[in-house]
Colleague: 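One structure coming up, written as structure tokens, with questions to follow.
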Amino acid sequence: MSIDGLPCRCLLSMSDVHNFIQSCMIAVGTKPNHAKDLADVLVDGDNKGHLSHGLNRLDMYVNDIKSGICAKEGEPVISKSTVATTLVDGKNLLGPVVGNFCMKLAISKAKDVGIGWVVAHGSNHFGVASYYSMQALNHKFIGMSYTNTSPLVVATRAKECTLGTNPISVAAPAKDKNNFVLDMATSAVALGKVELQHRRGEKMPLGWGSNAEGKASNDPAEILNGGGLLPIGGLETTGGYKGYGLAMMVEVFCGILSGSHYSKHIRAWKSQTGQIADLGQCFVAIDPGCFASGFEERMADLLNIHRNLEPSVPGQAVLTAGDPEREHMAKCSKYGGIPYPINVINFMNSMAKELGVTLLRTDRTVKP
């Protein structure tokens with residue numbers, strides 16, 4: 001499909017995508033409120049431009065519910081609690097259900113005592129991490145969220161994948177809502193980027209991944225067949241050990257603190273073995289009002305110092321964390337919807353046919 005010879009994308013309203021996700025999840029037995037939680041976070045990811053963590057992932061959640069690997073009944077349970085901390089048992093429910101429960105608790109505690117630190121075990125993939133950290137912004141709090149994930153990353157000097165991409169998200173409120181929103185994996189790149197290079201038959205930059213012997217490779221096939229991703233920084237000589245350390249830090253906050261599976265004990269990515277994920281996750285809310293006054297004003301000044309820097313490449317403005325997502329959201333608002341690759345829509349519609357769900361429309365298009 002193209003316009004004027006250029007490839008184009010299907011344009012879908014956020015409400016249509018939201019309803020589609022809910023309908024597919026309800027069709028496989030998910031409780032309506034749980035299906036809504038999932039739809040909220042997947043649409044949020046797509047609206048921010050993180051298409052790898054939105055509608056594109058719906059089949060994974062559908063299959064987890066259909067197979068019974070992920071529970072569809074029950075609610076998260078508090079196992080242990082103090083005025084500032086809580087340990088939650090996610091009861092193997094959908095990750096967004098657990099994430100929303102935990103972040104709500106963290107915010108409530110921050111209102112009472114200035115900080116809330118909540119960790120969960122028994123959770124599943126929860127979508128984009130910033131969806132949870134940003135909930136704190138509604139209360140003018142700093143929010144943080146972390147999760148461990150299936151082992152895809154090779155530790156510095158090692159051969160075996162023993163760490164996940166273990167994302168970090170920190171959201172901090174600034175004056176006029178020009179907030180700081182960091183959302184990053186602790187791997188050099190996402191696995192999807194390696195897969196894309198492989199489909200194109202193209203080599204990758206050195207520093208993205210290593211082969212089965214732990215040696216840096218620019219061949220996507222070697223990374224996908226027995227190798228693994230490298231941490232942020234890539235090779236040891238370029239600071240990869242720092243990304244390795246950050247991934248371990250996330251594991252401390254999530255897997256070790258919560259008592260969940262961790263490191264190579266977590267099931268392989270998209271595993272068909274029937275093993276539950278039992279992911280560990282961490283959610284934090286902090287009231288900056290407990291510290292020096294004027295936080296939002298100083299935060300805005302810090303961001304503006306960097307946004308107003310003279311760019312090294314003319315026409316390419318210096319950005320701060322959260323700016324690319326804001327730009328994508330503005331684009332979606334201008335379009336009146338979210339642009340999706342046609343192959344994603346076709347795949348989701350084939351799944352919808354099997355579930356008896358109304359198909360997504362493909363008649364609206366836009367240039368990417």
Colleague: Write down the atom of Asp278, the atom of Gly122, and the distance for their closest heavy-atom approach.
Modeller: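 Closest approach of Asp278 to Gly122, heavy atoms only: OD1-N, 2.8 Å.
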Colleague: List in chain and number order the residues that pass side-chain contact (heavy atoms from CB on, under 4.5 Å) with Asn211, two or more places apart in sequence or in another chain; answer none if no residue qualifies.
Modeller: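 So Asn211 forms a side-chain contact (heavy atoms from CB on, under 4.5 Å) with Glu213, Lys215, Ser217, Glu222.
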Colleague: Is Thr238 reaching over with its side chain to a backbone N or O of Gly233, donor-acceptor style, under 3.5 angstrom?
Modeller: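 At least one qualifying donor-acceptor pair exists.
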Colleague: Using side-chain hydrogen bond (donor to acceptor under 3.5 Å, both in side chains) as the criterion, list what pairs up with His53, not counting sequence neighbours.
Modeller: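 So His53 forms no side-chain hydrogen bond (donor to acceptor under 3.5 Å, both in side chains) with any residue.
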Colleague: Would you say the side chains of Tyr146 and Asn166 form a donor-acceptor pair under 3.5 Å?
Modeller: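 The answer is no; no qualifying pair exists.
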Colleague: Please determine whether residues Phe141 and Leu105 belong to a single hydrophobic cluster, defined as Ile, Leu, Val, Met, Phe, Trp and Tyr linked transitively by side-chain heavy-atom distances below 4.5 Å.
Modeller: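 Phe141 and Leu105: separate clusters.
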Colleague: Under 3.5 Å, side chain of Gln281 to main-chain N/O of Ala120, donor-acceptor pair present?
Modeller: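 No, Gln281 side chain to Ala120 backbone: no donor-acceptor pair under 3.5 Å.
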Colleague: Distance alone, cut at 3.5 Å: any donor-acceptor contact between the side chains of Asn92 and Asn124?
Modeller: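 Side-chain D/A pair, Asn92 to Asn124: present.
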Colleague: Using a 4.5 Å cut-off on heavy atoms from C-beta on, say whether the side chain of Pro151 contacts that of Ile266.
Modeller: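 Ile266 reaches Pro151 side chain to side chain.
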Colleague: Can you confirm whether Asp323 sits close enough to Arg326 that some side-chain heavy atom of one is under 4.5 Å from a side-chain heavy atom of the other?
Modeller: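 Sidechains of Arg326 and Asp323: in contact.
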Colleague: Can you tell me how far the CD1 atom of Ile65 sits from the CE atom of Met60, to the nearest 0.5 Å?
Modeller: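 With rounding to 0.5 Å, CD1 (Ile65) is 11.0 Å from CE (Met60).
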Colleague: Determine the minimum heavy-atom distance between Cys290 and Gly114, stating which atoms define it.
Modeller: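 In terms of heavy atoms, the two residues are closest at SG-CA, 3.5 Å.
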Colleague: Measure the shortest side-chain to side-chain distance between Val154 and Thr162 over non-hydrogen atoms and say whether it is less than 4.5 angstrom.
Modeller: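 Of all side-chain heavy-atom pairs linking Thr162 with Val154, none is under 4.5 Å.
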Colleague: Distance from Asn304 atom CG to Met299 atom CE, nearest 0.5 Å?
Modeller: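 Rounded to the nearest 0.5 Å, the CG-CE separation comes to 10.0 Å.
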Colleague: Are side-chain heavy atoms of Thr186 and Pro167 found at a separation under 4.5 Å?
Modeller: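 Result no, sub-4.5 Å side-chain heavy-atom pair not found.
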Colleague: Cut-off 3.5 Å, side chains only: do Thr320 and Arg307 have a donor facing an acceptor?
Modeller: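 Yes.
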Colleague: Measuring only between side-chain heavy atoms, which start at C-beta, is Arg361 closer than 4.5 Å to Asp16?
Modeller: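 Side chain of Arg361 against side chain of Asp16, heavy atoms only: contact under 4.5 Å found.
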Colleague: Taking only residues two or more places apart in sequence, or in another chain, which ones meet Ala221 in a side-chain contact (heavy atoms from CB on, under 4.5 Å)?
Modeller: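 Ala221: side-chain contact (heavy atoms from CB on, under 4.5 Å) contacts with His198, Asp219, Asn225.
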Colleague: Are any of the side-chain heavy atoms of Asn56 and Phe347 separated by less than 4.5 Å?
Modeller: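 No - every pair of side-chain heavy atoms lies 4.5 Å or more apart.
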Colleague: Any sub-3.5 Å donor-acceptor pair from Thr82's side-chain atoms to Thr85's backbone N or O?
Modeller: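 Yes: the side chain of Thr82 pairs with the backbone of Thr85.
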Colleague: Are Leu51 and Met348 joined in one hydrophobic group, where the rule is that I, L, V, M, F, W and Y side chains link up if heavy atoms are under 4.5 Å apart?
Modeller: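 Leu51 clusters together with Met348.
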Colleague: Return the minimal non-hydrogen interatomic distance between Leu360 and Asn349, and the atom names on each side.
Modeller: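 Leu360 and Asn349 have their closest heavy atoms at N-OD1, 2.7 Å.
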Colleague: Sequence neighbours excluded, which residues qualify as salt bridge (charged side-chain N to carboxylate O under 4.0 Å, His left out) partners of Lys48?
Modeller: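 Listed in chain order: Asp44.
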Colleague: Using the rule that Ile, Leu, Val, Met, Phe, Trp and Tyr join whenever any side-chain heavy atoms are under 4.5 Å apart, tell me whether Met103 and Met134 fall into a single cluster.
Modeller: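 No; tracing contacts between hydrophobic side chains, which count when under 4.5 Å, never links both residues.
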Colleague: Is there a chain of hydrophobic side chains (I, L, V, M, F, W, Y, each step under 4.5 Å between heavy atoms) that links Phe295 to Val284?
Modeller: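 Shared cluster, yes.
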Colleague: Does the side chain of Ser133 come under 3.5 Å of the side chain of Ser130 through a donor N or O and an acceptor N or O?
Modeller: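 Side-chain D/A pair, Ser133 to Ser130: absent.
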Colleague: Identify the two heavy atoms, one from Leu94 and one from Cys70, that lie closest to each other, and give their separation to 0.1 Å.
Modeller: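 Minimum heavy-atom separation between Leu94 and Cys70: N-SG, 3.6 Å.
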Colleague: Any sub-3.5 Å donor-acceptor pair from Asp183's side-chain atoms to Ala321's backbone N or O?
Modeller: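 Not at all, since once roles are kept as given, no pair shorter than 3.5 Å links the two residues.
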Colleague: Can you see whether Glu75 engages His34 through a side-chain donor-acceptor pair at a distance of less than 3.5 angstrom?
Modeller: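 Checked: Glu75/His34 side chains pair up, N/O donor to acceptor below 3.5 Å.
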Colleague: Could you check whether any side-chain heavy atom of Ser123 comes within less than 4.5 Å of a side-chain heavy atom of Ser258, counting everything from C-beta outward?
Modeller: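 Not in contact.
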Colleague: Please identify each residue that fulfils ring-ring contact (aromatic ring centres under 6.0 Å, His included) with His265, with sequence neighbours left out.
Modeller: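 Listed in chain order: Tyr262.
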Colleague: Report the distance from atom CZ of Phe126 to atom CG of Leu38, rounding to the nearest 0.5 Å.
Modeller: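 Between Phe126 CZ and Leu38 CG, I get 13.0 Å after rounding to 0.5 Å.
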Colleague: Working to the nearest 0.5 Å, report the span between NZ of Lys31 and CE of Met25.
Modeller: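 The NZ atom of Lys31 sits 13.0 Å away from the CE atom of Met25.
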Colleague: Just checking, any donor-acceptor pair under 3.5 angstrom between side chains of Gln135 and Asn100?
Modeller: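 Side-chain D/A pair, Gln135 to Asn100: present.
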Colleague: Sequence neighbours left out, what passes salt bridge (charged side-chain N to carboxylate O under 4.0 Å, His left out) with Lys72? Give chain and number order.
Modeller: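 With sequence neighbours excluded, Lys72 shows a salt bridge (charged side-chain N to carboxylate O under 4.0 Å, His left out) to no residue whatsoever.
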Colleague: Identify whether the distance between the nearest side-chain nitrogen and carboxylate oxygen of Glu236 and Arg157 falls below 4.0 Å.
Modeller: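 Looking at Glu236 and Arg157, the cut-off is met.
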Colleague: Below 4.0 angstrom, N of the basic side chain to O of the carboxylate: do Asp37 and Lys104 qualify?
Modeller: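 Answer for the salt bridge query: no.
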Colleague: Without hydrogens or angle criteria, can the side chains of Lys109 and Ser81 be said to hold a donor-acceptor pair below 3.5 Å?
Modeller: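 Distance-only check passes for Lys109 and Ser81.
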Colleague: Is it the case that the side chains of Asn47 and His328 hold a donor-acceptor pair, with the cut-off being a distance below 3.5 Å and no angle test?
Modeller: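 No, no side-chain donor-acceptor pair sits under 3.5 Å.
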Colleague: Side-chain contact, heavy-atom cut-off 4.5 Å: Val250 with Ile168?
Modeller: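 In short, these two side chains touch, coming nearer than 4.5 Å.
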Colleague: Which pair of heavy atoms, one from Leu279 and one from Thr149, lies closest together, and at what distance?
Modeller: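 Looks like CD2-CA, 4.3 Å.
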